[in-house]
Amino acid sequence: MLNDVMRTSLYIPGNNPRFIAKAPTSGADIVTFDIEDAVPPQEKANARKMTAESLKMAAEGGSEVYVRINGWHTEWTNDDLEAVVRPGLNGITLPKTRNADDVKRLDWKISEMEYRYGMPEGSVKMSVLLETASGIMNAYEICTASKRLVSAFFGAVDYCADMRIKRTNLAAEQKMARSIVAIAARSAGLTALDAPFADFSNMADFEQNTLDGIDMGYEGRMIIHPSQIPVAHRLYSPTDEAVAHARKVKKFFEEEGLAKGLASVSMDGGMVDTPVYVSACETIERYEAIQAKEAKRK
């Protein structure tokens, strides 16, 4: 089963009224109000208030609405959750996730608040940011720590800072950690979401970086500037040619393979077997999910 469409998660500072007002027209699959790194300590309380008041408004354009809270290593996490876990919230993103206990603690707190405010049990989803050496080392146990989890981000900026290495646009220095997060996410049945690309005016490098991540298994990424959204949506969506081919494979295998008790068949000079068939079905499913997502915006 395909998870939610999460090609783009646009991060908006939770204390910036001008950016918040533009949230419904962003076109992003997810709008994430950020009350962590984008907000200085003296503005945390204001960001919580503005974010809580803007949850339903931000969803008016068809985006899901998440909030990136401050991590458990800070003094702000509980206050963040008390302020923003309300009807209209689709998900919480936990930054600098260190281990499975961080996830379980968040799950418990969200469950308590859902009960307190009469929200459906399990209605608030969770995403984790793996962006430290310890988070990367514990990636699989983190990704399997809660049924609420739907996605895992790789966080390149904090990872490179933690490892004391220079971060570059083409990200060769991130390849191992980036791959580990993608593998851990997929093995847990989550969507792997790529790191933000800070050099937002450099679209050539952004596109190449995104394609490299797609080759690792990433199906979306964090977005820090609206100009990145159309490019990301194009790259993370199946092309018309890919969808047409997938439909041909599906039809042919079902008629010439499954219906005749065969596990592999020859089509157009190539072999189609069960893994190829499953991949084709997933391409069609993803395409249809994206079409349904875009239809909500019209």
Side-chain angles (χ1 to χ4, degrees), residues 3-40 43-72 74 76-95 97 103 105-129 146 148-151 153 191 193 196 220-226 229 292-298:
N3 287 335
D4 298 335
V5 176
M6 293 179 272
R7 297 166 298 176
T8 50
S9 181
L10 176 66
Y11 273 55
I12 296 175
N15 66 331
N16 189 311
R18 183 168 65 90
F19 289 172
I20 290 172
K22 295 179 180 179
T25 59
S26 71
D29 292 332
I30 299 170
V31 167
T32 298
F33 289 119
D34 187 9
I35 53 180
E36 191 218 10
D37 284 349
V39 177
E43 277 289 302
K44 298 293 185 187
N46 185 40
R48 292 182 194 113
K49 182 176 183 295
M50 292 183 66
T51 293
E53 292 172 348
S54 304
L55 294 174
K56 293 182 179 179
M57 176 275 291
E60 290 174 358
S63 301
E64 289 207 316
V65 182
Y66 279 58
V67 176
R68 178 166 74 170
I69 60 172
N70 291 277
W72 289 118
T74 74
W76 299 303
T77 319
N78 196 69
D79 288 343
D80 292 346
L81 292 166
E82 287 288 340
V84 304
V85 178
R86 296 287 190 278
L89 177 70
N90 295 117
I92 290 288
T93 297
L94 181 66
T97 310
V103 177
R105 186 179 178 188
L106 179 61
D107 188 325
W108 182 90
K109 178 65 178 178
I110 292 174
S111 294
E112 184 269 327
M113 294 197 67
E114 285 175 340
Y115 177 79
R116 197 194 317 166
Y117 289 107
M119 299 165 65
E121 182 180 356
S123 61
V124 178
K125 294 173 280 192
M126 285 167 39
S127 179
V128 287
L129 259 162
S146 169
R148 290 182 186 272
L149 285 170
V150 294
S151 60
F153 286 91
T191 299
L193 300 177
R221 74 182 308 158
M222 186 189 299
I223 298 295
I224 61 168
H225 194 278
I229 293 173
K293 180 81 173 182
E294 294 301 331
K296 291 181 180 179
R297 304 190 195 280
K298 298 176 181 178

Legend entry - Check against side chain to side chain donor-acceptor pair (under 3.5 Å), S151 and T191: CA-CA 5 Å; S151 60; T191 299; over 6 Å; no
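- With S54 as the partner, the side chain to side chain contact (heavy atoms under 4.5 Å, CB included) test is satisfied by one option alone out of I20, V65, V84: I20.
- Scanning both residues, A23 and A58, for their nearest heavy atoms gives CB-CB, 4.0 Å.
- Side chains of K125 and D4 form a contact here, defined as non-hydrogen atoms less than 4.5 Å apart.
- A donor-acceptor pair under 3.5 Å is absent between the side-chain atoms of E36 and the main chain of G71, judged by distance alone.
- Nearest heavy atoms, I69 versus I35: CA-CG1, 3.9 Å.
- In this structure, OG on S127 lies 12.5 Å from CG on N90, to the nearest 0.5 angstrom.
- Of all heavy-atom pairs spanning P40 and A38, the tightest one is CD-O, 4.1 Å.
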Q.
Under the criterion side-chain contact (heavy atoms from CB on, under 4.5 Å), I'd like the reasoning laid out for M119 against M113: C-alpha separation, chi angles, the key distance, then a yes or no.
A. CA-CA 8 Å; M119 299 165 65; M113 294 197 67; over 6 Å; no
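- Test T32, V31, T93 against S9 for side chain to side chain contact (heavy atoms under 4.5 Å, CB included) and you get one pass: T32.
- When each of L10, L193, L129, T8 is tested with M222 by the rule side chain to side chain contact (heavy atoms under 4.5 Å, CB included), just one qualifies, namely L129.
- The backbone N or O of V124 lies less than 3.5 Å from a partner atom in the side chain of E114, making a donor-acceptor pair.
- Nearest approach of L89 to V85, heavy atoms of both residues: CD2-CA, 3.8 Å.
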Requested in this report: Could you walk me through whether K44 and D79 pass salt bridge (charged side-chain N to carboxylate O under 4.0 Å, His left out), step by step?
Outcome: CA-CA 9 Å; K44 298 293 185 187; D79 288 343; over 6 Å; no
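- Under a cut-off of 6.0 angstrom, the local environment of OH in Y115 is sparse, with at most 12 non-hydrogen atoms contributed by other residues, nucleotides or ligands.
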**Prompt:** Between V39 and N70, does a side-chain contact (heavy atoms from CB on, under 4.5 Å) hold up when you go through it step by step?
**Reply:** CA-CA 10 Å; V39 177; N70 291 277; over 6 Å; no
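- L149 has its side chain within reach of V128: a pair of non-hydrogen atoms, C-beta onward, lies under 4.5 Å apart.
- Taken to the nearest 0.5 Å, the CG atom of D34 stands 4.0 Å off from the CZ atom of R68.
- The residues E60 and K56 are annotated as not salt-bridged, no charged nitrogen and carboxylate oxygen being separated by less than 4.0 angstrom.
- Residues M126 and L94 are not in side-chain contact: their nearest non-hydrogen atoms beyond the backbone lie 4.5 Å or more apart.
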From CA spacing to verdict: side-chain contact (heavy atoms from CB on, under 4.5 Å), K109, N78: CA-CA 8 Å; K109 178 65 178 178; N78 196 69; 3.2 Å; yes
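- The two residues F153 and R221 have their closest heavy-atom pair at CE2-C, 4.3 Å.
- Checked by atom type and distance alone, the side chain of T51 never pairs as donor or acceptor with a backbone atom of R48 at under 3.5 Å.
- Exactly one residue among R116, R148, E121 makes a side-chain hydrogen bond (donor to acceptor under 3.5 Å, both in side chains) with S111. That residue is R148.
- Distance check: R86 CZ to E53 CD gives 11.0 Å after rounding to the nearest 0.5 Å.
- The two residues Y66 and I30 come nearest to each other via the heavy atoms CD1-CG2, 3.5 Å.
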